[in-house]
Amino acid sequence: MRKTFLALAAALLASPALADTLIDNANGVQVDQASRIQHFTGLLIGDDGKIVKILHTGDKRPKAQTIVDAGGRTLLPGMIDAHGHVMDLGFGALRLNLVGTRSLAELQQRLRAYAATHPDAKWIQGFGWNQELWPERKFPTAADLDAIIPDRPVVLERVDGHAIVANSAAMRAAGVTAATPAPAGGRIENGLFVDAARELVDKAIPTPTQAEMDEAFAKAQQILLGFGVTGVGSMSTRLEDWNTFRRAGEAGRLQVRLMTYLLGLEPLKTIPHPTGWMYGDRLRAQGVKFFADGALGSRGAWLKQPYADKPDTRGLQFHSDAELLAETNTAAAAGFQIATHAIGDAANEQIISIYEQLHRRYPGDRRWRIEHFQIVDPADIPRLAPAGIIASMQPTHQTSDRLMAEERLGPNRLKGAYAWQSVLKSGAKLAFGTDFPVESPNPFPGLSAAISRQDINGQPPGGWIPSERLTFGEALHAYTRGSAYAGFADDRIGALEPGKWADFIIVDRDPTKVDAQALARTDVLETWVGGKKVWARPSSSPPERGK
Ligand SMILES: [Zn+2]
C-alpha cells in the first residue's frame with residue numbers, strides 16, 4: 001500500500017503536466033516588449049488557467065491531459081480595450097440603435113419602428129446618431145422627434161455621448177422649457193442638451209432595475225467576447241455598475257477582466273481605496289476617471305485657439321486648474337490611479353501640468369492616464385514620458401473624426417491630432433482601445449486604422465497624415481501589452497508568457513500576412529479566458545461589424 005502511494009507520488013512528481021491543456025498546431029502571433037513580432041506554435045496551460053510554457057516548431061510536446069488541435073489557425077493574445085463603457089455597451093445594444101443613420105428621416109423611421117415594437121417602454125431611449133453623417137448636417141430638434149412620438153418621452157444620445165436630443169414629452173417630464181438657462185459647461189438649443197446640460201433631462205429618466213442592469217452586462221460581455229476582447233479598462237464606472245460587476249463575479253458569470261475606473265469622487269464614499277483583484281483576477285477597482293473637457297463633434301473640446309468653424313468659442317473648460325488638481329489629488333492620495341478625459345489641446349495641456357505636479361508629489365509608479373489625447377499641441381507631447389503619463393487612445397476615432405476634425409480645427413492645427421507615432425517616438429507609453437460604444441468594440445478596424453490611417457474602405461488613399469502610422473507590431477503592442485500596462489495588469493495579462501493568464505483568441509486570418517483592409521475584416525472564431533473557451537462563433541451568424 002505504502003509502496004503504491006510512493007510510486008504514485010513519484011509518478012505525479014515526474015509528470016506535473018498531466019492535468020494540463022496543450023493547445024497545439026497553432027499559428028501563434030504576439031509581440032515582445034519592443035513590439036517585435038514573435039511566432040509560436042503551442043501553449044501549455046496549467047490547471048490554474050495560467051501559461052506554463054510557450055512552444056515553438058520543433059520543441060518536444062509535453063504530455064497533457066487535454067490536447068486541442070488549433071488546426072493551423074492563427075492564435076493571438078486576448079485583446080485588451082484600454083477604454084470602454086461596459087454598461088453603456090450593454091444598454092446600447094438593448095436600446096434603439098441609431099448608429100449609422102444616414103439622415104434625419106432614417107432616424108425618425110427607426111424611432112417609429114422601435115416605438116411600435118416596444119409599446120411598454122415608458123421612456124424611449126436611443127443612442128448613436130451623428131448629424132455629421134447626414135446630408136443636412138444639422139442637429140436634430142425636439143420638433144423632429146415630436147413629429148414621430150408626441151406622447152411618450154424620447155431621449156436620443158449622440159454617438160459621442162456628449163449631447164442628447166429630447167422630445168417635448170421628455171422635457172415636460174424633466175421640467176425643462178425653452179426658457180431654462182443652460183448650466184455652466186453646457187448648452188441647450190431646440191431640445192438639444194450638450195455636456196453639463198444633459199443632466200437636466202437625464203435625471204428624469206427612470207433608473208434601470210437590478211435585473212435590467214444584469215441583462216445589459218450579460219449582453220455587453222457577449223459582444224466583447226465575440227470581438228476577442230478579454231480585458232477592458234472599464235471607464236466612468238458608477239456604484240451601481242460596480243455592484244452589477246460584483247453580482248456577475250459572485251455568480252461566476254464574469255469572464256472579461258475589468259480594470260475599473262470609478263466616475264469621479266462620488267463612488268469613493270463606498271469604495272474609499274482601490275480593491276485588490278477579485279474573482280480570479282477578473283475585477284478590480286483601481287482608478288478614478290475625471291473629465292477636463294467635452295468632445296470635438298459637439299464643440300465641447302477645449303482648444304487653445306478658437307474653433308475654425310465657430311470662431312466665437314474655444315469649447316468647454318470643465319474645471320479650473322485648482323479644482324482639477326484638488327479632485328485628482330484626493331483620488332491619488334487614496335491610492336487610486338488617475339485617468340482623465342482630455343480631447344482639446346488646451347485640456348491636454350491642463351491635465352499634463354496637473355499630472356506633472358502630482359508626479360512630484362507621488363513619485364512612485366502611478367501611471368497617470370490621459371484618455372483620448374486627441375488634439376494636442378506638438379510642443380506638449382514630449383512632456384508625457386518624464387512625468388510617467390500614458391496616452392490612452394482610440395485609433396478608430398481618427399478614421400471616424402477626420403473630416404470633422406479638419407473643419408473644427410482648420411488645416412494648420414492637425415500636427416498633433418491622433419498622433420500615435422509622435423507619442424511613441426517621444427518615449428511615452430501608448431494604450432489602445434475604442435471608447436465603445438462610441439465606436440464598435442471590435443479591435444480589428446482599430447488595428448487596421450493604426451497601421452494605415454485609413455478607414456475600412458481604404459479612405460483616404462495614402463492615409464490621413466500617414467507619418468503617424470504605426471507598424472502592426474506597435475499597434476498590437478498598444479492593444480495588448482500597452483493596455484495591460486495602462487491598467488496595472490501587465491504582471492498577469494497582455495502577453496502569452498509563463499505565469500500569465502491563458503487569455504487568447506483564435507481568428508480567421510494571419511494579421512501579419514494581410515493588408516490593412518483585410519485586417520479590419522478579421523473575424524474572431526474562439527475566445528479563451530484563463531485557459532477556458534468562453535466564446536465560440538456560431539457557425540451561422542458572423543459577429544456585428546465595426547463601422
Ligand atoms: Zn469614454
Side-chain angles (χ1 to χ4, degrees), residues 79-93 99 127-128 130 157-164 185 194-196 198-199 202 216 220 223-224 227 229 231-238 241-242 245 256 258-264 267 285-298 300-302 315-316 318 328 337-344 347-348 351 368-376 390-401 404-405 418 430-443 445-446 478-479 482-483 486-487 546-547:
M79 297 292 153
I80 302 170
D81 191 312
H83 181 127
H85 301 268
V86 175
M87 296 307 297
D88 291 344
L89 179 67
F91 279 119
V99 172
F127 168 86
N130 180 0
E157 189 176 45
R158 193 178 186 277
V159 67
D160 62 6
H162 284 265
I164 54 171
V194 180
D195 285 318
R198 275 194 60 158
E199 181 57 21
D202 283 342
I223 294 170
L224 291 169
F227 282 127
V229 178
V232 170
S234 171
M235 288 292 149
S236 307
T237 303
R238 299 163 308 158
D241 304 332
W242 172 256
F245 304 157
V256 175
L258 301 177
M259 297 155 272
T260 295
Y261 296 79
L262 304 169
L263 178 60
Q286 68 192 54
V288 178
K289 166 92 177 291
F290 296 96
F291 289 81
D293 66 349
L296 199 59
S298 48
W302 177 31
L316 302 171
F318 280 14
T328 51
Q337 187 186 14
I338 310 299
T340 306
H341 164 118
I343 303 259
N348 275 290
I351 192 61
W368 317 104
R369 294 176 55 142
I370 299 181
E371 303 306 314
H372 311 309
F373 201 67
Q374 265 175 32
I375 310 301
V376 183
I390 298 164
S392 163
M393 301 178 75
Q394 298 76 28
T396 44
H397 282 355
Q398 182 267 301
T399 48
S400 298
D401 292 359
M404 182 266 290
Y418 313 86
L430 179 65
F432 271 168
T434 59
D435 200 13
F436 64 75
V438 176
E439 306 281 352
S440 162
N442 184 351
Y479 232 120
S483 41
K547 287 193 280 186

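Order of listing sets the numbers, starting from 1, for every ligand and every atom in it.
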Centroid-centroid under 6.0 Å between H162 and H341 rings: yes
From CD1 (I370) to OG1 (T340), nearest 0.5 Å: 7.5 Å
Heteroatom test (N, O or S) for H341 near the Zn ion (ligand 1), limit 2.8 Å: no
Backbone or side-chain N/O/S of E371 under 2.8 Å of the Zn ion (ligand 1): no
Mutual orientation of the aromatic rings belonging to Y479 and F432 [parallel < 30°, tilted 30-60°, perpendicular > 60°]: perpendicular
N, O or S atom within H85 nearest to the Zn ion (ligand 1), by name: NE2
N, O or S from H372 under 2.8 Å to the Zn ion (ligand 1): no
Closest D435 atom to the Zn ion (ligand 1) [N, O or S only]: OD1
Sidechain-backbone polar pair: D293 side chain, I343 backbone, donor-acceptor under 3.5 Å: yes
Salt bridge (Lys or Arg N to Asp or Glu O under 4.0 Å) involving D401 - partner list, sequence neighbours excluded: none
